[in-house]
Structure formats: C-alpha cells, structure tokens
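Taking it in order: structure first as structure tokens, then the write-up.
What you are looking at is a predicted structure, and each value in this text was computed from that prediction instead of being measured. Within every chain, numbering begins at 1; the chains are lettered A, B, ... in the order of the sequence lines, protein sequences first and strands thereafter.
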Amino acid sequence: MNLRKLLDERIGRGMSKVSGAPALAVVTRSSRPEFGDFQANGAMALAKKLKRSPREIAAQVIDSIDLNGIADKIEIAGPGFINIWLSEAFLSSSICANNPLIEKTPQAQTVVVDYSSPNLAKEMHVGHLRSTVIGDCVTRVLSQLGHTVIRQNHVGDWGTQFGMLLTHMDELKDRKSAQKEELADLEFFYRAAKKRFDSDPEFADRARANVVALQSGNVDVLHTWQQFIDISLSHCEALYERLDIQLTRADVRGESAYNDDLKSVVEDLDSKGLLSESNGARCVFLDEFKNKDGEPLPVIVQKSDGGYLYATTDLSAVRHRFNKLRADRALYIVGAPQILHFQQIFAVARLAGYVTQNQELTHHSFGSMLAKDGKPFSTRKGGAEKLANLLDEAEERAFELVSSKSPEMNTAAKKSIARVVGFGAVKYADLSKNRTNDYIFDWDQMLSFDGNTAPYLQYAYSRIKSLFKRGEVDFSKIDSGISAQSAQEHQLAVCLLVFQETVESVGREALPHLLCNYLYELASNYMRFYEHCPVLSAEEDLRNSRLLLCKRTADTLKLGLSLLGIGTVERM
RNA sequence: GCGCCCGUAGCUCAACUGGAUAGAGCAUCGGCCUUCUAAGCCGAGGGUUACAGGUUCAAGUCCUGUCGGGCGUACCA
C-alpha cells in the first residue's frame, strides 16, 4: 500500500472541495514526532490563492475529509500545517501477513534499461561499478513493481582499438599457451598490444589494416574478433556472477550490433530533411546547442571519410529500443561526462520521430570516480584499479572481520558470510550516494562495515532471524494483530508502511539511494525497538504483536536488500 | 569564452523536490554486555548550508551576481 498516496488523495479531495478547484494536499512525513506521523502542507498555498487565513482553510479541510480508520488525531499547527497521527487499528490491519510488501502497478510498462556497458577492449575497473550496480538495482525494482524490463548491455565491442588487439592476438596464435595466458589478464594483454603498437611501426600498420578489414567484414578478422569478444565477455560475466548482477549474454547488444543499421539511420535523417553537410561531414544542427564560438554545434552522424560515429550508433539504438523492443521508457545509466551527448541524441531522436511525446527517454548520470590525489582514473594508461581486485579485497577484509566476531564458525561458513557482507558493503557504498559530483575512491570507505552500511542492515536481519530461532517461533500459530503502544513500536510500524512509496520512487526516478536511506531508517528503528522492547520474554499477546513486527521488518529488509542486489545471512 | 553539473559539520553523505528547531555515519569524548547477537544502543561537542543581494507567510532548495571546483564544447567512444 502506498500510504502517502492514500493520504494525498483523501486530503487532496478535501482541499479541492474547499478550493472549488483541484488543489494539492502536499503530504510528507512529519519532520518531528510531536507533529505526528504525516503532515499536509497544502493549506498555506491554497490560502494564498484564495486570500484567506491558512489556519481557517486547514480547519475547513479537516472538516471535509474522512480519515476514519486511518488517523485518530488531526491537528492544525504553526502557520497552517495539518498534522496526522495514524491510529493503532490502522497500523495493525495494514501490517499483516496477507498484505503484500510490494503491490504491482496497475499500469505496467515496457522499460529498457541501458547499464554497465563496459569497453570490451579492457578489463572492467572500479569505475564500471557505479553504472552496473545502479542499473541492476533499477531493473530489480521495476520488475518487482510489475513492469516488463529489458536489460541492454551496450558494450564497447567495436572501434579502432580492436585493430591493435586483434593483431597482437594473431601474433600469439602460434603459441597457444602464451595467448591463453595473456588473455587471462586483459589489462596485461591490452598493455602488451599497446606497447607493440607504439614501438613497432610495422605492427601499427598491420593494426590499422586490420581495422579496415574488420569494418569491411573480412571473415578471418571477424573470426578472431569474435573470439576476443567472447573471452572479454566471459571476464565480465565472471564479475557479474560474483556480484550477482542480473546481466546475461542475452542482454548484450553492443555497438557492433548496430553496424548494419547505421547507413539506414543516416538515410532516414536525410529523408526527413534534418541533415546538412559541413566541412564534408553530415550533421544535424540544433538551435539549442552552440559550440565554443557561439556557432551552431553539429551532431555529426557521418564523418567526411564516410565513417560513422557513436552518435550514429546511439541513434540506431534509440530507434531499436522504441521500434523493435516497443519500449515505453528507456533509461540510460551512464556517467555525467556524456550529458551533452545524450541531450543531443535525444533531441535528434525526438525530431526524427523515433520517440513520441508520451515515451520517456532519460539519461541518469553520476560523477566519475577519482583517485586519492583527486585526479581521474586514466582508462588509457592503466592505473585504474581492477574491479576484480576490489572484490578480492572486500572478501578478505570481511573474512577477517567475521573470523574475529565469530571464531567458532567453520571456515566454509565464514567464507560464505564474508562474500555476502563484503560485496554488500561495496555495492552499498555506491548505491547509497546520489552525488552527481565526482567522488574519490577510497578502500576504507568502500569497505567499511560500521554505521550506515550494508552490513548494518544485514546485521539487523540476522538478529531478527536469530530471535526466531531462539524462541522457536511458529508464525502459523500467531493470528493476532499488532499493537504499537510504545514510541519505538509505533515508529517502526509507520516506517514499515513507507516501503511501497519508497520503492515506487526508485522506479520512477532511478535513484537507489532513496531505498538505501529508507532501509537504514528501518533498521535503525528496529535496533531502537530491539533495545527497548523485549520480545520473547513479553506476555503472550504482546510477544505475538512484537514478533509480527519483527517478521514484517525481516521480510522488508530481505526484499529491500534484494532489490539493491544485496544478500542476507541468517547468522553473522 | 560559452554550456551543463556542483559547493551543506574535520571527513563521506542526507534533507521526501518551497515547509516547522538542516539530519545521519565516520572521526573525537562520555556511558551501556550474568536478560532476545556490542557489526549494536544511549548521550555530548561540532553549522552564517561558499559569499552578496532578491522573490514570499516560509529558501540549503527558486531568481540574479561574485568566488571556487568538475565535466563538456566538429568528425575518439
């Protein structure tokens, strides 16, 4: 149940009645406990419009709304806030086993999400984590809400750097073991190829020839290319699997997939009169984009030598997503440096009619990862930390911690907990921040296990499970409701009812940190409840009520964490 | 130069998109384990929300300007 929406509708109706025209209730969580559970702020704006006293308006609104069975106290406070206290009966009936944690949307859409999209020429590094985990979370959330999600891994599998890589691969062909060894570490392989390219002119010539051969469809070169792509993809897949990222080979649709369509895109733009020629290149000029001299900035779709660019590829991808995949929405989880690029692509796509008015096309950007010295990770010169190294370190540190906290556990159990906790911490570090700013990569911060981190949420969960085990609780025998009498129980109960609204927001805005904030608040509320309200030792009715609160909290934490792509453990 | 993004506690970040006394975590200091897991709980200190104006019942949030930072800005992706 979306509680806020419910209140917004109920109070909004009252507001509109008083106004004589549609008016918004503007319901939010109350800023402090003495102001109740929720507050409606719409009366002030309405009073302004009607040129009347806000408190008077608020009083009329209260008279005209029916919150029977939902609220047991409504008050006017300050300049005209309407404060609402939810009734215990409402909390009890809302938090019961047959109410689903998340309701499906009545308006299911087809949503394409473009995320992860690593460059296959190199190995995935820590900078790829952001897009990968955010996209993974967004797709899980949208699926949970009942939408049809189509994942698109727009990998970089085409371009001039492959000439150099394929040439180097050819050189090693006769020495199978050497080739295998080098390809096992793509970072090493890339550097070796680059070194040859820079130092050996003959090699560089062959590399350039291979680029041409590749682009013109030479069968042998294509075969080698396919081999390389397969190997590189399997590197990615190993990381996806470790991190439990829901991307498979079927979701891969790289740049090369659009090659055959590029000519058609350009022709189509031409037929629609959008194309003009400038310095030999074919471009779309848009009034809203200017270059550094204040002159119109082109979106170049075909170079003067006849070649195509990533703008062309992306236009083709847009067309594919809306025409072939029948998307209602297409979300791009790609870093901030590409803001202008996507603004241009989206504008052209709209002009060309690839996307209609009621179809959504949005770029969800985020800042780049910087090294400790504040400088960007160079993806050309190496120096970027391999994602695999981060994951190794996460497992090691978590293993040490588990070992020190629970020395009695066997190694296998410790290892399995270390994986869930370590990777959870890494993912949460990225998911919990909304910054469009750049941010500094820091091992200790990334691998922290204290405070507002995934392990805190996992700990809350395992504490609840441990409680059930100790109490030998059988929920099939508990059919009573909850009674939230203490402040801690009440806060926890209200918090549980905000889950739906939070998840819907994440689906709408593609902002996983909202879910992180929510789950942290939920876990904090639970911890306070746990400290103040004994569960197993309480008399039967109270014990059952508290057990039900625990159960709902555990279920919400587990589902919420799973939507973040983070696991839970029974013990830790 | 122009465009976009950003500037919140010592550090990393929130603030439900204009609402009441700007909140968390880390770090620092003090308390709480013979009662359900101390990866926890309770408490303290720490702020002119970069700066200056403006808009209004109400501004961290909107507008203008200044300073500081990042990114982008014609055939790489």
Side-chain angles (χ1 to χ4, degrees), chain A residues 4 26-32 34-35 39 41 44-45 47-48 54 77-81 83 119 156 158-161 255 278-283 288-295 297-305 307-311 313-314 335-341 343 365 367-368 370 374 376 401-402 404-406 421 429 432-440 442 444-445 448-453 455-456 458-460 462-464 466-471 498 501-502 505 509 513-514 516-518 520-521 524 527-528 530-538 550 571-572:
Chain A
R4 176 135 73 120
V26 196
V27 172
T28 67
R29 294 285 294 285
S30 291
S31 50
R32 338 170 107 256
E34 59 263 39
F35 298 148
Q39 59 182 67
N41 302 331
M44 275 94 72
K48 173 110 184 156
F81 297 106
N83 292 335
N119 179 1
W158 203 251
T160 48
Q161 77 257 51
E255 290 163 354
S278 177
N279 297 330
R282 309 185 81 185
C283 321
E288 60 263 48
F289 302 107
K290 308 259 190 249
N291 73 5
K292 50 189 160 189
D293 301 318
E295 288 153 10
L297 182 67
V299 180
I300 301 176
V301 293
Q302 190 169 20
K303 296 193 282 184
S304 48
D305 68 2
Y308 302 103
L309 298 103
Y310 80 136
T313 308
D314 275 329
Q338 303 210 32
I339 285 176
L340 177 60
H341 167 69
Q343 280 177 348
S365 67
S368 314
L370 304 178
L401 188 62
V402 177
S404 72
K405 299 278 181 189
S406 310
V421 169
S432 60
K433 293 169 184 59
N434 181 33
R435 291 270 128 174
T436 55
N437 275 354
D438 292 342
Y439 63 113
I440 305 219
D442 177 40
D444 295 325
Q445 213 176 290
S448 166
F449 303 118
D450 296 317
N452 187 357
T453 61
Y456 179 86
Q458 292 164 327
Y459 181 61
S462 69
R463 270 182 137 180
I464 301 174
S466 157
L467 197 65
F468 295 162
K469 197 182 278 178
R470 177 178 284 263
V498 185
E501 169 199 331
T502 306
S505 299
E509 315 280 347
H513 85 285
L514 296 176
C516 294
N517 289 171
Y518 169 77
Y520 182 67
E521 189 194 338
S524 307
M527 292 292 194
R528 279 194 282 275
Y530 183 89
E531 297 287 336
H532 290 95
C533 305
V535 177
L536 297 178
S537 58
C550 290
R571 288 179 61 205
M572 65 184 277

For atom [atom1], what is the distance between [N] and [M], given to the nearest Å?
{"N": "G70(B)", "M": "U8(B)", "atom1": "P", "value": "15 Å"}
{"N": "G19(B)", "M": "G65(B)", "atom1": "C1'", "value": "27 Å"}
{"N": "G47(B)", "M": "C32(B)", "atom1": "C1'", "value": "30 Å"}
{"N": "G30(B)", "M": "U37(B)", "atom1": "C1'", "value": "24 Å"}
{"N": "G46(B)", "M": "G10(B)", "atom1": "C1'", "value": "9 Å"}
{"N": "G54(B)", "M": "U61(B)", "atom1": "P", "value": "14 Å"}
{"N": "A38(B)", "M": "A44(B)", "atom1": "P", "value": "23 Å"}
{"N": "G3(B)", "M": "C63(B)", "atom1": "P", "value": "14 Å"}

Under 3.5 Å between N/O atoms: give me all the protein pairs with nucleotides 12-15 of chain B, atom names plus distance.
unit_1	atom_1	unit_2	atom_2	d
U12(B)	O2'	Gln445(A)	NE2	3.1
A14(B)	OP1	Asn434(A)	N	2.6
A14(B)	OP1	Arg435(A)	N	3.1
A14(B)	OP2	Arg435(A)	NE	2.8
A14(B)	OP2	Arg435(A)	NH2	2.9
A14(B)	O2'	Asn517(A)	OD1	3.1
A15(B)	OP1	His513(A)	NE2	3.2

Pair Glu501(A) + Arg29(A), salt bridge at N-O below 4.0 Å =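 Result for this pair is no, no salt bridge flagged.
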Which nucleotide in the list [options] gets nearest to the side chain of [X]?
{"X": "Leu309(A)", "options": "C75(B), C41(B), A20(B)", "value": "C75(B)"}
{"X": "Arg4(A)", "options": "A77(B), G40(B), C16(B)", "value": "C16(B)"}
{"X": "Gln39(A)", "options": "A39(B), C42(B), G19(B)", "value": "G19(B)"}
{"X": "Leu340(A)", "options": "G72(B), G25(B), U37(B)", "value": "G72(B)"}
{"X": "Arg463(A)", "options": "C36(B), U37(B), A39(B)", "value": "U37(B)"}
{"X": "Asp450(A)", "options": "C36(B), A77(B), G40(B)", "value": "G40(B)"}
{"X": "Arg29(A)", "options": "C16(B), A39(B), C5(B)", "value": "C16(B)"}
{"X": "Phe35(A)", "options": "A74(B), A20(B), A77(B)", "value": "A20(B)"}

request  = Tell me, please, which residues at least two apart from Tyr520(A) pass ring-ring contact (aromatic ring centres under 6.0 Å, His included).
outcome  =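 Tyr456(A).
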task = Name the orientation of the base relative to the sugar in C5(B): syn if the glycosidic angle is within 90° of 0, else anti.
result =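 Anti conformation for C5(B).
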key: Syn or anti conformation of U8(B), syn meaning chi within 90° of 0   =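 Anti, angle beyond 90° from zero.
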message = Here's a test of your reading of the structure: between Gly280(A) and Ala336(A), which maps to the more 5' nucleotide of RNA chain B?
response =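 On the 5' side of the pair lies Ala336(A).
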task = Specify the residue among Gln338(A) and Pro298(A) whose closest nucleotide of RNA chain B lies further upstream toward the 5′ end.
result =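 Looking at RNA chain B, the more 5' nearest nucleotide goes with Pro298(A).
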Name each donor-acceptor pair under 3.5 Å that joins a side chain in residues 432-439 of chain A to protein atoms two or more places apart or in another chain, with its distance.
unit_1	atom_1	unit_2	atom_2	d
Ser432(A)	OG	Tyr428(A)	O	2.8
Lys433(A)	NZ	Ala429(A)	O	3.0
Asp438(A)	OD1	Ser368(A)	N	2.8
Tyr439(A)	OH	Asp430(A)	OD1	3.1

So, does [X] get its side chain near the phosphate of [N], meaning an N or O under 4.0 Å from OP1 or OP2?
{"X": "Arg528(A)", "N": "G40(B)", "value": "no"}
{"X": "Ser466(A)", "N": "U37(B)", "value": "yes"}
{"X": "Lys303(A)", "N": "C76(B)", "value": "yes"}

Distance check needed: [N] [atom2] versus [X] [atom1], whole Å only.
{"X": "Gln161(A)", "N": "A77(B)", "atom1": "CD", "atom2": "P", "answer": "9 Å"}
{"X": "Glu34(A)", "N": "U21(B)", "atom1": "CD", "atom2": "C1'", "answer": "9 Å"}
{"X": "Gln458(A)", "N": "G40(B)", "atom1": "CD", "atom2": "P", "answer": "12 Å"}
{"X": "Ile300(A)", "N": "G72(B)", "atom1": "CD1", "atom2": "C1'", "answer": "15 Å"}
{"X": "Ile339(A)", "N": "G70(B)", "atom1": "CD1", "atom2": "C1'", "answer": "11 Å"}
{"X": "Trp158(A)", "N": "C76(B)", "atom1": "CH2", "atom2": "C1'", "answer": "16 Å"}
{"X": "Glu509(A)", "N": "U17(B)", "atom1": "CD", "atom2": "P", "answer": "9 Å"}
{"X": "Glu295(A)", "N": "U73(B)", "atom1": "CD", "atom2": "C1'", "answer": "12 Å"}

ask   = Do we count Tyr520(A) as stacking onto A24(B) if the rule is ring centres under 5.5 Å and planes under 30°?
value =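 One would not call Tyr520(A) stacked on the A24(B) base.
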query = What residues, two or more places apart in sequence or in another chain, satisfy side-chain contact (heavy atoms from CB on, under 4.5 Å) together with Ser31(A)?
reply =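 Phe35(A), Gln39(A).
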Do [X] and [N] share a donor-acceptor pair, side chain to base, under 3.5 Å?
{"X": "Asn41(A)", "N": "A58(B)", "value": "no"}
{"X": "Ser537(A)", "N": "U35(B)", "value": "no"}
{"X": "Tyr310(A)", "N": "A77(B)", "value": "yes"}

query = Where the side chain of Arg4(A) meets the backbone of Val498(A), is there a donor-acceptor pair that is under 3.5 Å apart?
reply =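 Such a contact is absent between Arg4(A) side chain and Val498(A) backbone.
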message = When you measure from the side chain of Ser448(A) to the backbone of Gln445(A), do you find a donor-acceptor pair of N or O atoms at a distance under 3.5 Å?
response =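 The answer is no, because no donor-acceptor pair under 3.5 Å joins these two groups.
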When all nucleic acid strands are considered with a 4.0 Å heavy-atom cut-off, which category describes [X]: base, sugar-phosphate, or nothing?
{"X": "Leu297(A)", "result": "sugar-phosphate"}
{"X": "Ala460(A)", "result": "nothing"}
{"X": "Met527(A)", "result": "sugar-phosphate"}
{"X": "Val402(A)", "result": "base"}
{"X": "Tyr456(A)", "result": "sugar-phosphate"}
{"X": "Pro337(A)", "result": "sugar-phosphate"}
{"X": "Thr453(A)", "result": "nothing"}
{"X": "Cys516(A)", "result": "nothing"}
{"X": "Asn83(A)", "result": "base"}
{"X": "Ser448(A)", "result": "nothing"}

Which nucleotides of RNA chain B pair, in dot-bracket form (Watson-Crick or G-U under 3.5 Å, | meaning another strand) = (((((((..((((.....[...)))).(((((.......))))).....(((((..]....))))))))))))....
ask   = Is the number of heavy atoms from other residues, nucleotides or ligands within 6.0 Å of NZ (Lys469(A)) greater than 12?
value =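 Atom NZ in Lys469(A) is not packed in, count stays at 12 or less.
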Atom pairs, N/O to N/O, protein against nucleotides 48-51 of chain B, distance under 3.5 Å?
none

